[in-house]
Amino acid sequence: MRRSGAAEVISGTSRSAETRAIARELTLADEITDTAAEAVRDADLVVLCVPIGAMEAVARDIAPHLKPGATLTDVGSVKRAVIDAVAPHLPDGVHFIPAHPLAGTEQSGPRSGFAELFDNRWCILVPPENADRKEVARLARFWEALGSNVDEMEADHHDLVLAVTSHAPHLIAYTMVGVADDLRRVTDSEVVKYSAAGFRDFTRIAASDPTMWRDVFLTNKDATLEILGRFTEELFALQRAIRTGDGAHLHDYFTRTRAIRRGIVEAGQDTDIPNFGRGR
Ligand SMILES: NC(=O)c1ccc[n+]([C@@H]2O[C@H](COP(=O)([O-])OP(=O)(O)OC[C@H]3O[C@@H](n4cnc5c(N)ncnc54)[C@H](O)[C@@H]3O)[C@@H](O)[C@H]2O)c1
Ligand SMILES: O=C(O)C(=O)C[C@]1(C(=O)O)C=C[C@@H](O)C=C1
């Protein structure tokens with residue numbers, strides 16, 4: 001926000017005194033208040049950046065202090081659950097436009113942000129049907145000022161798409177690293193020493209914040225289970241091909257998946273964050 005001048009005044013808060021102290025030290029905002037109620041007072045735009053399971057309590061807390069005509073948005077990784085948790089607490093006259101920037105790292109906390117995080121990444125807006133289009137356009141301009149490309153989706157569709165592209169892949173990475181850890185003998189020596197790129201990538205993803213990801217799976221349950229069901233079927237088919245020596249099946253499958261990766265790269269959507277892991 002500061003880089004682009006997208007906000008005249010940036011106010012921030014966090015529930016722990018330690019985080020607020022670090023945020024002040026890093027001058028992340030023009031003012032860091034001790035309470036959320038103070039942070040949202042007079043704000044034209046309020047962005048909730050807490051784990052999905054905490055959205056309801058924070059919304060309830062700030063609702064009486066929101067300025068009439070303000071826009072309230074969020075960055076939660078699941079959208080239906082956030083809408084259900086937040087919307088009932090909001091006073092009339094506040095524009096609620098949920099959003100999800102598809103950008104992040106396995107790091108969390110105030111030292112993990114960097115100005116380029118949203119550059120050339122998608123931010124998905126999930127406006128309700130009766131949303132004020134002027135306010136939706138304004139929020140889109142805000143995210144564009146932060147470097148993002150903006151798109152719109154319906155909440156359930158968002159949750160299904162993200163189950164495929166983000167949530168199930170995270171669960172698979174968590175599982176793979178858990179399997180390696182179960183083989184302790186190996187973990188203590190060879191897995192660490194000979195960690196190849198594929199496994200190293202899994203360990204980065206599996207280092208993601210436990211609270212955030214617990215909440216993602218608890219609140220995007222149906223879509224994640226649907227995708228994991230399909231994943232398991234495909235995995236069994238590949239397992240069978242390996243057992244029966246069906247090389248043609250494996251080759252065809254890997255040819256298909258390679259084409260998908262090449263399509264992503266050709267579309268300029270290779271999602272590697274240029275300075276990923278750098279932190280601040
Ligand atoms: N990290 C990512 O890759 C990423 C990407 C896109 C969206 N998101 C979403 O962003 C949101 C925040 O994630 P983050 O990575 O910025 O996490 P973070 O840990 O950096 O920040 C979370 C903040 O929420 C506060 N918080 C935690 N529990 C709380 C509670 N019970 N009550 C009040 N405040 C509480 C913490 O004090 C902290 O200030 C989540 O909803 C997540 O789904 C994360
Ligand atoms: O690269 C990472 O660390 C991420 O996984 C970021 C990632 C993703 O899956 O792409 C994780 C969750 C968010 O909701 C959005 C972005």
Side-chain angles (χ1 to χ4, degrees), residues 11-24 26 28-29 32-37 39-40 46-62 73-83 85-86 98-114 116-126 143 146 148 153 158-159 161-174 200-220 223-224 227 264 269-280:
S11 300
T13 190
S14 183
R15 86 189 148 150
S16 88
E18 192 194 343
T19 304
R20 295 196 297 271
I22 298 170
R24 284 187 188 112
L26 298 172
L28 285 183
I32 302 285
T33 62
D34 286 345
T35 66
V40 306
V46 174
V47 190
L48 299 183
C49 307
V50 296
I52 295 158
M55 293 277 183
E56 180 166 17
V58 174
R60 203 185 303 123
D61 188 20
I62 62 170
T73 187
D74 75 301
V75 296
S77 305
V78 179
K79 298 285 33 115
R80 176 61 61 198
V82 171
I83 293 168
V86 170
H100 181 199
L102 305 189
T105 71
E106 74 283 13
Q107 312 284 350
S108 50
R111 293 189 194 279
S112 318
F114 47 95
E116 303 81 14
L117 177 63
F118 302 114
D119 285 350
N120 204 25
R121 308 297 295 256
W122 284 105
C123 180
I124 301 175
L125 305 188
V126 184
W143 277 105
L146 268 54
S148 295
M153 272 187 201
H158 165 279
D159 290 353
V161 170
L162 267 291
V164 179
T165 60
S166 176
H167 305 167
H170 273 76
L171 200 73
I172 293 160
Y174 279 124
R200 267 210 312 273
D201 288 352
F202 276 140
T203 61
R204 183 185 77 76
I205 292 291
S208 299
D209 186 69
T211 303
M212 168 183 159
W213 284 98
R214 176 200 64 195
D215 289 358
V216 166
F217 294 119
L218 291 179
T219 58
N220 198 20
T224 308
I227 301 307
I264 291 174
Q269 290 296 320
D270 181 0
T271 54
D272 291 344
I273 302 169
N275 54 355
F276 119 82
R278 174 169 74 75
R280 287 182 59 82

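Note that ligands are numbered from 1 as they come in the structure, with each ligand's atoms numbered from 1 the same way. Residue numbers start at 1 and run along the sequence shown. In what follows, every heavy atom counts, from backbone to side chain, and hydrogens, waters and symmetry copies are set aside.
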- Nearest to atom 6 (C) of ligand 1, what protein heavy atom do you find, and at what distance? Pro101 O, 3.4 Å
- Report the nearest protein non-hydrogen atom to atom 3 (O) of ligand 1: residue, atom name, distance rounded to 0.1 Å. Gly104 CA, 3.2 Å
- Message: So for ligand 1, is Asp209 a polar contact partner (N or O within less than 3.5 Å, distance only)?
- Response: no
- Note on the structure: Note: Ile227 and Val164 closest approach over all heavy atoms is CD1-CG2, 3.5 Å
- Note on the structure: Counting from 1 in the order shown, the ligand 1 atoms closer than 4.0 Å to a non-hydrogen atom of Ala103 are 5 (C), 6 (C)
- Message: Please report whether ligand 1 has a polar contact with Ser14, defined as an N or O pair separated by less than 3.5 Å (distance criterion only).
- Response: yes
- Task: Examine ligand 2 and decide if any of its atoms is less than 4.0 Å from a heavy atom belonging to Trp213.
- Result: yes
- Query: N/O of Ser77 under 3.5 Å from N/O of ligand 2, yes or no?
  - Reply: yes
- Message: Please report whether ligand 2 has a polar contact with His170, defined as an N or O pair separated by less than 3.5 Å (distance criterion only).
- Response: yes
- In ligand 2, which numbered atoms sit nearer than 4.0 Å to a non-hydrogen atom of His100? 13 (C), 14 (O), 15 (C)
- Message: Is there a polar contact, in the sense of an N or O pair closer than 3.5 Å, between Ala54 and ligand 1?
- Response: no
- Heavy-atom nearest neighbour in the protein, as seen from atom 41 (O) of ligand 1, with distance rounded to 0.1 Å: Val50 O, 2.7 Å
- Using the six-membered ring wherever Trp is involved, compare the ring planes of Trp213 and His170 and label them parallel, tilted or perpendicular (cut-offs 30° and 60°). parallel
- Message: Taking 4.0 angstrom as the limit and counting only heavy atoms of Cys49, give me the atoms of ligand 1 inside it, by number and element.
- Response: 12 (C), 22 (C), 23 (C), 24 (O)
- Query: Evaluating non-hydrogen atoms only, which member of Ser166, Gly104, Ala173, Pro101 is closest to atom 9 (O) of ligand 2?
  - Reply: Ser166
